[in-house]
Protein chains: 4
Amino acid sequence: MSHIRGRLGKAADDVIRYSASIAFDQRLYHHDIAGSIAHARMLAHQGIIATPEAEAIISGLKAIETEIERGNFPFKPELEDIHMNIEARLLEKVGEVAGKLHTARSRNDQVALDMRLYTGEAIGKTINRIREMESALLNLASVNQKVVMPGYTHLQPGQPVLLAHHILAYFEMLERDIERFNDALNRVDVMPLGSGALAGVPYPIDRNMVAAELGFGKISSNSLDAVSDRDFVIEYQAAAAICMMHLSRLAEEIIIWSSAEFDFIEIGEAYATGSSLMPQKKNPDMAELARGKTGRVYGHLIAVLTTMKGLPLAYNRDLQEDKEGLFDTVDTLLATLEVMAGTLGSLKVKVDNTKKAVSRGYLLATDLADYLVGKGEPFRNAHDAVSRLVGYASAQGKTFDQLSLEEYRRFSGRFDDGVYSVSVASSLKARDVPGGTAPKRVSRALAVAKRKLSASIRKAK
Amino acid sequence: MSHIRGRLGKAADDVIRYSASIAFDQRLYHHDIAGSIAHARMLAHQGIIATPEAEAIISGLKAIETEIERGNFPFKPELEDIHMNIEARLLEKVGEVAGKLHTARSRNDQVALDMRLYTGEAIGKTINRIREMESALLNLASVNQKVVMPGYTHLQPGQPVLLAHHILAYFEMLERDIERFNDALNRVDVMPLGSGALAGVPYPIDRNMVAAELGFGKISSNSLDAVSDRDFVIEYQAAAAICMMHLSRLAEEIIIWSSAEFDFIEIGEAYATGSSLMPQKKNPDMAELARGKTGRVYGHLIAVLTTMKGLPLAYNRDLQEDKEGLFDTVDTLLATLEVMAGTLGSLKVKVDNTKKAVSRGYLLATDLADYLVGKGEPFRNAHDAVSRLVGYASAQGKTFDQLSLEEYRRFSGRFDDGVYSVSVASSLKARDVPGGTAPKRVSRALAVAKRKLSASIRKAK
Amino acid sequence: MSHIRGRLGKAADDVIRYSASIAFDQRLYHHDIAGSIAHARMLAHQGIIATPEAEAIISGLKAIETEIERGNFPFKPELEDIHMNIEARLLEKVGEVAGKLHTARSRNDQVALDMRLYTGEAIGKTINRIREMESALLNLASVNQKVVMPGYTHLQPGQPVLLAHHILAYFEMLERDIERFNDALNRVDVMPLGSGALAGVPYPIDRNMVAAELGFGKISSNSLDAVSDRDFVIEYQAAAAICMMHLSRLAEEIIIWSSAEFDFIEIGEAYATGSSLMPQKKNPDMAELARGKTGRVYGHLIAVLTTMKGLPLAYNRDLQEDKEGLFDTVDTLLATLEVMAGTLGSLKVKVDNTKKAVSRGYLLATDLADYLVGKGEPFRNAHDAVSRLVGYASAQGKTFDQLSLEEYRRFSGRFDDGVYSVSVASSLKARDVPGGTAPKRVSRALAVAKRKLSASIRKAK
Amino acid sequence: MSHIRGRLGKAADDVIRYSASIAFDQRLYHHDIAGSIAHARMLAHQGIIATPEAEAIISGLKAIETEIERGNFPFKPELEDIHMNIEARLLEKVGEVAGKLHTARSRNDQVALDMRLYTGEAIGKTINRIREMESALLNLASVNQKVVMPGYTHLQPGQPVLLAHHILAYFEMLERDIERFNDALNRVDVMPLGSGALAGVPYPIDRNMVAAELGFGKISSNSLDAVSDRDFVIEYQAAAAICMMHLSRLAEEIIIWSSAEFDFIEIGEAYATGSSLMPQKKNPDMAELARGKTGRVYGHLIAVLTTMKGLPLAYNRDLQEDKEGLFDTVDTLLATLEVMAGTLGSLKVKVDNTKKAVSRGYLLATDLADYLVGKGEPFRNAHDAVSRLVGYASAQGKTFDQLSLEEYRRFSGRFDDGVYSVSVASSLKARDVPGGTAPKRVSRALAVAKRKLSASIRKAK
C-alpha cells in the first residue's frame with residue numbers, strides 16, 4: 001500500500017485516476033474505523049501510547065464515522081483510499097497525536113483486516129437472504145402441495161412428480177450454499193493486524209485482544225501470508241458463483257414455465273414487465289436478469305483468480321483489484337436472492353395446465369414397465385414391450401387409458417385388467433423411498449425443511 | 001426491452017433497483033440522441049411523420065443533450081434506462097408529438113444501435129491510445145538504441161540482444177492488437193435500426209439513409225439477428241483481453257527490471273510510489289496495477305460469453321448485462337495504455353547494469369558453439385563441448401575471456417585464437433537476418449516502425 | 001524448449017510424466033516434418049549444408065512420415081515431444097548428418113512454426129464445416145419456406161415470423177464466425193523460422209524461401225516476439241467460443257422446440273436417443289451435448305489467457321500449455337458443427353403446431369396498434385388501447401377474430417370493419433423492409449444466402 | 001443417460017464419436033462395479049431379487065473388474081460409456097439375470113454415485129499429496145532455519161525476514177487448501193442411489209444399507225436434486241484452482257530466485273533442464289509448467305460452471321461434460337504437487353547471495369524509523385527523516401553502517417551511537433509477535449507446523 005510520490009501535472013492526474021480506490025473502497029469506512037478503534041485501545045492497554053492519546057484518537061474516529069454517515073465527509077481522490085482519507089481527516093480533527101495510531105500497523109495489515117471484516121459481514125447477510133429465499137420456496141411448495149407436474153429429463157416429460165418435490169430440490173441446493181458460506185467463514189475469521197508491512201511489528205502488542213474486541217475467533221499465524229492472502233475473497237466468489245448457478249437454473253425454469261406453450265405459472269404483476277411495442281406481453285424480466293447476472297459473478301471469480309496467479313510474496317499492488325469484483329458479487333447475489341424470492345412469492349401455479357401436461361407424453365410408461373416386471377417379466381423385455389406400446393399408442397393418437405386390454409396384450413401377454421389401476425396417483429405413491437416423490441415422503445420432507453429453517457433462523461437471532 | 005408494469009411498494013422498489021440501468025447506461029446519451037435524430041429525419045423524409053414534427057422532435061433532443069452535458073438533466077431511476085429518461089423528458093419538452101419518434105422503432109433495435117455507436121467510438125479511441133503507447137515504445141527504443149541486455153528464455157539469460165530489439169517485440173504485439181480492433185470494427189459497422197422488436201417494421205422506412213447519416217457502412221440483414229446479436233461486444237472484449245495480456249507481460253518485465261537484484265531501470269517519480277512504512281522503497285505500482293487489472297478484463301470477457309450462452313432468439317432481458325462489463329473494459333484498457341505509456345516515457349535505463357548482466361551467465365555459449373560449427377564440428381558435438389566448457393569455467397569462477405586457449409582446447413581441438421574475437425558485439429552482428437537482433441537490422445526495424453506509425457497517425461487525422 | 005538434464009530414478013519419472021508432451025503433440029508430426037523439409041531445402045539452397053546432405057535428411061523425414069502414418073513409429077515418452085522423437089529417429093535412419101538439420105534453428109522457432117501450420121489448417125477445416133452447417137440451415141429454411149411460427153422475445157410470443165427468417169438469423173451469425181476465422185488467419189499466416197531461440201540466427205538463411213515453400217504470406221518481424229507470441233492460438237479460441245455460443249443458442253431452441261409442450265419439431269432417429277428407464281422418451285442429446293460443450297471451449301479460452309498473463313519475454317516453458325486446449329477446442333468445434341448440421345438435416349417441422357402457436361397469445365397485438373396508428377391514433381394511445389383490449393379478450397377466453405366490432409370499439413372508436421383484415425399474413429407482409437420477415441424479403445434473403453454460400457464454396461475449391 | 005436409438009451409417013458414427021464417453025469414463029470402472037455390488041447385495045437383502053441371483057451378478061462383476069485390471073476387457077465405443085460396457089459384458093458372462101441388476105436403478109443415479117465415489121477418493125489423494133508438499137516445505141525451512149533474506153513487497157526489498165518464515169507462509173496456504181478439500185468432502189459424502197431417473201424408485205429398497213456398504217455418511221434427500229447436482233464437482237475444481245494459484249506463486253518465486261540476477265537458489269539436476277541451443281542454461285521448467293498449468297485448472301472450473309448455467313431440472317445430457325475437466329484437474333493438481341515437492345526437495349539455497357541481497361537496498365530503514373520513534377519522535381517525522389537519510393546515503397553510494405554519526409545527525413538530532421546496534425539481527429529479533437519473523441517465533445511456528453503435520457498424517461493412517 002503506498003502513496004503517490006510524484007506530483008507532476010498530467011502524469012500525476014493520470015496516476016491518481018488509475019490508482020485511487022476511494023470511489024469504491026469508501027464502503028469499508030465502518031470496518032476501517034472499527035479496526036482502528038480496537039487497535040488504539042490495545043496500544044493504550046499495552047502502554048505503547050498513553051490512554052488520553054487513545055481516547056483522543058477514538059473520539060476523533062467516532063466523529064469521522066458520524067460525518068461519513070451523515071454524508072458530510074469530504075472524500076478526496078488525491079488521498080487515494082479510505083484509509084488515507086480517514087487518516088488525514090483525523091489529523092485535522094485531533095492534531096499530531098493522530099500519527100500515533102499508525103504505530104505498530106501498516107496499510108498492508110490494515111486493509112487485510114478491513115476486507116476480512118467486510119467479508120464476514122457479507123457472509124452473514126448472504127445467509128440471511130438465502131434463508132428468505134428458502135422460506136419463499138417452502139411457502140410455494142406448501143401452497144401447492146398436491147399439484148402434480150411432469151418431472152423432466154432432457155426437458156422431456158419423464159415421470160409425474162409433485163411440484164412440491166421439484167421445489168424442494170432447490171431447497172437442497174440452497175442448503176449446500178449455506179454450508180459453503182459457513183465453511184468460508186472459518187477462513188475469514190482470522191485477525192491479521194500485527195503483521196505489519198510483511199514481517200510483524202517491533203512493539204509489544206496484544207493481537208488476541210484486538211481479535212477479541214473485533215469478534216474474531218483466531219489470529220493469523222504468519223505475517224507474510226497474512227498480508228498477501230486473499231483466499232477468503234476467492235472463496236466467497238466461488239460459493240457465490242455456485243449459488244448464482246442454482247438461481248440461474250430456477251430462473252430458466254420460471255422462464256420456460258411462463259412461456260405460452262408451457263403456461264404452468266403466472267408471475268405476479270410486480271415481477272413481470274410489459275413491452276413497449278407488444279402490448280400483450282408479460283415478460284419474466286427478473287428471472288432473465290437473474291440468469292444473465294450469473295455471467296457477471298462467474299466473471300468476477302475468474303478475475304480475482306487471474307489477478308492472484310503467479311504473484312510473488314508478499315503484498316503487491318495487484319491486490320487492490322480484490323475489491324470491486326467482490327463488492328459487485330455481494331451486491332448482485334443479495335439483490336438476486338431478494339428479487340427471486342419476491343418472484344416466487346408472486347407465482348400462481350396454473351394447476352389445470354400442469355395436470356394436462358402430465359396426461360400428455362406417456363409419463364406412466366416407466367410404471368407400465370414396472371408393472372410388467374412385477375408380473376415376472378425381466379426388466380429389459382418389459383422396457384422393450386412398453387417401448388413398442390408407446391409407438392403404437394402414439395401412432396393411434398391414443399393415451400394409455402384409451403387403449404383396450406386387447407391392444408395392451410398385443411405387446412405382452414402379461415397385461416391384465418390391473419393395468420388400468422396404473423395411474424398418476426399410483427405412480428407417485430409407488431416412489432416411496434427416502435428422497436422420492438411419494439406424497440407422504442414429500443410431505444415429510446417439507447416438514448423437515450420447515451423445522452430446519454425455523455431452527456436456523458432462531459439460532460441466527 | 002420493457003417497462004415496469006407493477007407498482008407495488010417494496011416489490012416495485014426491489015425490482016427497479018435490480019433492473020434499472022440508468023446508473024450506467026447514461027453514458028450512451030449522446031449515441032441515443034444521435035440515433036433518434038437520424039431516425040426522425042428519415043421518418044420525415046419518407047413522409048411517415050410531418051417535417052415540422054421531426055423538427056420539433058430534433059430540437060427537443062438537442063436541448064436535452066445540452067441539458068445532460070451541462071449536468072442539468074434530471075435522471076430518474078424509476079424510468080429505468082437512458083432511453084426512457086430521454087423519451088419522458090422529450091414529452092415534457094415538446095408534448096404529444098414526442099410519441100411519434102417511436103414510430104417504426106422498438107427499444108430492442110434502439111439499444112442495439114446505441115451499443116454499436118458506442119463500441120465503434122470506443123474502438124477509435126482504443127486504437128489512438130495504442131498508437132500513443134507505440135510512440136512511447138519507439139521513443140524508448142530510439143533513446144537506448146545501443147543498449148545491450150541479456151535476452152531471456154525461462155527468465156535465464158540466453159543470448160545478448162539490443163534493448164531496442166526487445167522493446168520492438170512489444171511494438172509487434174500492439175500492431176496485432178490494432179489489426180484485431182480494426183477487424184472487429186467491420187462487425188460493429190452494421191446499422192440495426194428498422195429491425196423493430198424482432199421482425200422488422202411495417203412502415204416504408206429508408207434504412208440506408210439512417211445508416212449513411214450515422215456513418216455506418218452496412219445495414220443488418222436479418223431483424224431477429226440484429227436485435228439479439230452481441231458478437232461485437234464480445235469481440236471488443238476478446239481483443240481487449242489479448243491487449244491487456246500483452247501489457248501484463250510488459251508490466252511484469254518492468255517490475256522485475258526495477259527489482260534491486262536486476263536494477264535495469266529506474267521508473268520516473270510520477271509513476272513510482274513510496275511506502276508508508278518503508279521509507280526506502282520506490283514501488284512500480286502502476287505496472288502492478290496494470291498487471292492486476294488484466295484479471296478484470298478477462299473476467300468481463302467470460303461474463304458476457306456466459307450471459308449469451310444458450311439464449312433462445314431474439315431479445316432476452318439477459319442482454320442488458322452486455323453493458324457494464326464492456327464499459328469497464330473500455331475504461332480499463334484506455335487508462336492502462338495511458339499509464340503504461342507514461343511509465344515508459346519516465347523510464348531511465350541503467351546501462352551499466354544491463355551491460356554487467358550481459359557479462360554474467362556465459363551468454364556467448366551459443367556463439368562459441370556456432371564458432372565450432374563454423375570450424376566443421378557437427379552441431380550436437382559442438383553443443384556438448386561448450387556445455388562442458390561452461391561447467392568448467394563456472395567451477396573455476398572464470399568468464400569466457402578469462403580462459404586460456406589451452407583451457408579452451410581441452411574441450412575441443414578446433415578452438416584457436418579466433419575464439420577471442422567472439423564477443424557480445426560479434427554475437428549481435430551475426431544475427432543478421434530479418435527479425436534478428438543485429439544492430440543494422442534493429443535500426444532498420446525501428447525506422448520501419450516509425451514510418452508505419454507516422455503514416456497511420458496521419459491517416460487517422 | 002529443453003530436454004531433461006537429470007536422470008535420477010523416481011524424480012526423473014515424475015518429471016518426464018509431468019513435462020512430456022508427446023502424448024498430445026504427436027498430432028503435429030506432419031507439420032513438423034513439412035517445416036523441416038522446407039528448412040533443409042533452404043539450408044542447401046543457401047549453401048549452409050550440402051545438397052546431398054539435405055537430400056538424405058529429406059528422404060529420412062519422408063520415411064518417418066510414412067512410418068507414423070502406418071502406425072509403425074516407436075513414440076518414446078522419454079524423448080518428451082514430437083520434435084525430439086523425430087530428431088532421434090532421423091539420427092537412427094540417416095546417421096550423423098541428421099544433426100545438420102538443426103543448423104540455424106531452435107526448438108523455440110520450430111514449435112512456433114508447427115503451431116502456426118496446424119492452426120492455419122484448423123481454420124481451413126473449421127470454415128469448411130461452418131459452410132456445411134450453413135448449407136444445412138439454408139436447406140431447412142428452403143424446405144419450410146412458408147412455415148409461420150411465433151417470433152419470441154423473453155421466450156414470450158411477440159410477433160409472427162417465418163421459420164425461414166428465424167433460421168436465417170443463424171446464417172448471419174455463422175457468416176460473422178467465418179469472417180472472424182478469416183481475420184485470425186491473417187495473424188496465423190506469419191512464418192517464424194529464423195528467429196532461433198530468441199535473437200535470430202547467425203547464418204545466411206533465406207526466410208522468404210521457407211515461407212514460400214510452406215505457403216505463408218509473411219515472415220515475422222521480430223525474433224523475440226516470434227518465439228513468444230501465441231496470440232493466434234488465443235484468437236482461434238476466442239472465435240471458437242463465439243461460434244460455440246451461437247451453436248448453444250440454436251441447441252437451446254432445438255431442445256425447447258422438441259419439448260412436449262412446444263412440440264414444433266421432431267428430431268430424426270439418428271440424432272435423438274431413448275431412455276434406459278423411460279421407454280417413451282426421445283431425447284435431444286446431441287443438442288444438449290453441443291450446449292454443454294460450450295463450457296469446455298470457454299474454459300480453454302480462459303486457460304490460455306491465464307497461462308499467458310504476466311509472462312516475461314521470450315520463450316517460457318509455460319507456453320507448452322498452448323496445445324491441449326487448442327486441440328480440444330478444434331476437435332470440439334468441428335464435431336459440434338458436424339453433429340448440429342446432421343441434426344438440422346434430420347428435423348421435421350410440425351407445421352400444425354407452429355401454426356397453432358401463432359394463433360395463441362395475441363401475436364397480432366402490435367399489428368392492431370399499428371392499425372390504429374394508421375387511423376391517426378398517436379402510438380402511445382394505440383398501445384394503451386390494445387393493451388386493454390388484450391386484457392379483455394384474455395379474460396373472455398377469446399382470440400382477436402372472435403371479438404365483435406362492438407367489443408373492439410369499446411377500446412377505441414377508430415376500430416372499424418378493416419380490423420378483421422389484420423391477419424398473420426398481413427402482419428408478415430407488412431414487415432417489408434430489408435432484414436424484415438415479409439415473405440418476399442425472406443425469399444430474397446434466402447436466395448442471396450445461397451448464392452453467397454455457393455460462391456464461397458466454389459472459391460474454396 | 002441414454003443409448004443411441006438410431007443406427008444409420010455415417011450419422012450414427014458421427015453421433016457415437018460425439019457422445020461416447022467410454023474413452024474417458026472408463027476410469028470409473030472400479031467405482032461403478034463397487035456401486036453395483038452394493039446395490040445387488042441390498043436388492044437380495046430386501047428380497048427384491050433372489051440371493052443366488054445377486055451372487056451370480058456379484059461374481060460376474062468381480063470377474064469383469066479383474067479383466068479390466070488385467071487389460072483384457074474389450075471396451076466398445078458403440079456401447080458409449082463404462083456403465084453400458086460393463087452391463088453388456090455382464091450379460092455375456094452371467095446371462096439374463098444380469099438384467100435384474102438394473103432393478104430400482106437408473107443410469108442417472110448410477111453415474112451420480114460413480115462420480116461421488118471418484119471425487120471422494122480424489123480428495124483423499126489430494127490431501128495426501130498436499131501433506132507431502134507440506135513436508136517438503138517444512139524440510140526446506142528446517143535445513144535453512146537461520147538463513148536471512150529480503151522480505152519483499154512490490155518485488156522491492158522491504159525488511160529482512162527468515163527464509164523459513166517465508167517458506168512457512170506457503171505452509172499456511174496449503175493448510176487452508178486442506179480445509180477446503182475437507183469441507184468439500186462433506187458435500188461429496190452423500191449417497192444418491194435410489195433416486196432413479198428423477199423421481200425415486202418403486203421398490204422397497206434400503207438406501208442406508210447401500211450407503212453404509214459404500215462408506216457414505218449420508219443419503220440424498222431429494223431425488224430430482226440428487227440426479228442433477230454437480231456442486232461437488234465444481235467445489236473440487238474451485239478448491240483446486242485456489243491451490244494451483246498458491247503453487248503458481250511459489251513457482252514464480254522459484255523462477256525469479258533462480259534467475260542469474262537474484263541467484264538465491266539452485267534447482268537440483270533432476271528438476272532443471274538444459275537448452276538445445278544454449279548450452280549454459282539450466283531452466284526451471286517444472287516451476288514454469290506448474291505456473292502455466294494454473295490456466296488449465298482455472299479453465300476447467302469456468303467450463304463446468306458454464307455448462308451448469310441455466311440448466312432446467314433434472315438430468316440433462318450436458319451433465320456428461322462434468323467428467324473430463326474434473327479428471328484433468330485431479331491429475332494436474334496431483335502431478336503438480338508431486339513435482340513441486342520434488343523441486344523443493346532438490347533446492348540448494350545460496351546463503352551468501354541471500355545475505356548480500358539483505359545488505360543491499362536499505363532494508364533497515366523501517367528499523368531506523370522505529371529507533372527514532374523509540375527516542376520520542378512522532379512516527380511521521382521519523383519516517384520523513386529516514387526517507388531523506390536514504391536519499392542521501394544512496395546518492396553517496398554508502399550503506400547505513402558506512403555513515404558517520406555526524407551524517408546521521410544531519411537528519412535528526414535524536415540519532416546517537418545506539419544507531420549502530422540497529423542490525424539485521426536486531427531487526428529480526430524485534431518482530432517478536434505471534435506470526436512475526438523473530439527467530440524464536442519462527443522456530444516455534446516451525447515446531448507447531450511439524451507437530452500438526454505428523455498428527456494429521458498419523459490420523460490419516
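Reminder, nothing fancy here: chain letters follow the sequence lines and each chain counts from 1. Every heavy atom of this structure was used, including side-chain atoms; hydrogens, water molecules and symmetry mates were not.
- For C/A290, the parts sitting under 4.5 Å from any heavy atom of chain D are the backbone and the side chain alike.
- Side-chain atoms of D/T307 and C/K293, non-hydrogen and from C-beta on, never get closer than 4.5 Å to each other.
- Every residue was checked against the salt bridge (charged side-chain N to carboxylate O under 4.0 Å, His left out) condition with D/K348, not counting sequence neighbours, and none meets it.
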For residues 195-203 of chain D, please give each side-chain donor-acceptor pair under 3.5 Å, one per line with the distance, not counting sequence neighbours.
unit_1, atom_1, unit_2, atom_2, d
D/S195, OG, D/P192, O, 2.7
D/Y203, OH, A/D370, OD1, 3.1

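- With a threshold of 4.5 angstrom between heavy atoms, C/E324 approaches chain D through side-chain atoms but not through N, CA, C or O.
- Of all the listed residues (C/R291, C/E288, C/M308), the one sharing the greatest number of non-hydrogen pairs under 4.5 Å with chain D is C/E288.
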**salt bridge (Lys or Arg N to Asp or Glu O under 4.0 Å) between D/K323 and D/D25, intermediate numbers included** = CA-CA 7 Å; D/K323 289 184 196 60; D/D25 69 10; 5.6 Å; no
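- Ion pair D/K282/D/E266 flagged as a salt bridge, since at least one NZ, NE, NH1 or NH2 atom sits closer than 4.0 Å to an Asp/Glu carboxylate oxygen.
- Residue D/L301 does not touch chain C at all, counting heavy-atom pairs closer than 4.5 Å.
- In this structure, no portion of C/L319 lies under 4.5 Å from any heavy atom of chain D.
- Within residues 334-344 of chain D, the residues having any heavy atom closer than 4.5 Å to a heavy atom of chain C are D/A335, D/T336, D/E338, D/V339, listed by residue number.
- In terms of non-hydrogen atom pairs under 4.5 Å with chain C, the most contact-rich of D/R296, D/H300, D/K309 is D/R296.
- Ion pairing between C/E87 and C/K100 fails under the 4.0 Å rule for side-chain N and carboxylate O.
- Taking the charged nitrogens against the carboxylate oxygens, C/R105 and C/D109 have no contact shorter than 4.0 Å, which rules out a salt bridge.
- In this structure, C/Y298 has no ring-ring contact (aromatic ring centres under 6.0 Å, His included) partners at least two apart in sequence or on a different chain.
- Between C/E80 and C/R17, none of the side-chain N atoms (NZ, or NE/NH1/NH2) sits under 4.0 Å from a carboxylate O, so this pair counts as no salt bridge.
- Residue D/E321 touches chain C through its side chain alone, counting heavy-atom pairs closer than 4.5 Å.
- The choice from D/G295, D/S248, D/S346 that makes the most heavy-atom pairs within less than 4.5 Å of chain C is D/G295.
- Counting only heavy atoms from C-beta outward, the side chains of C/R317 and D/P284 never approach each other to under 4.5 Å.
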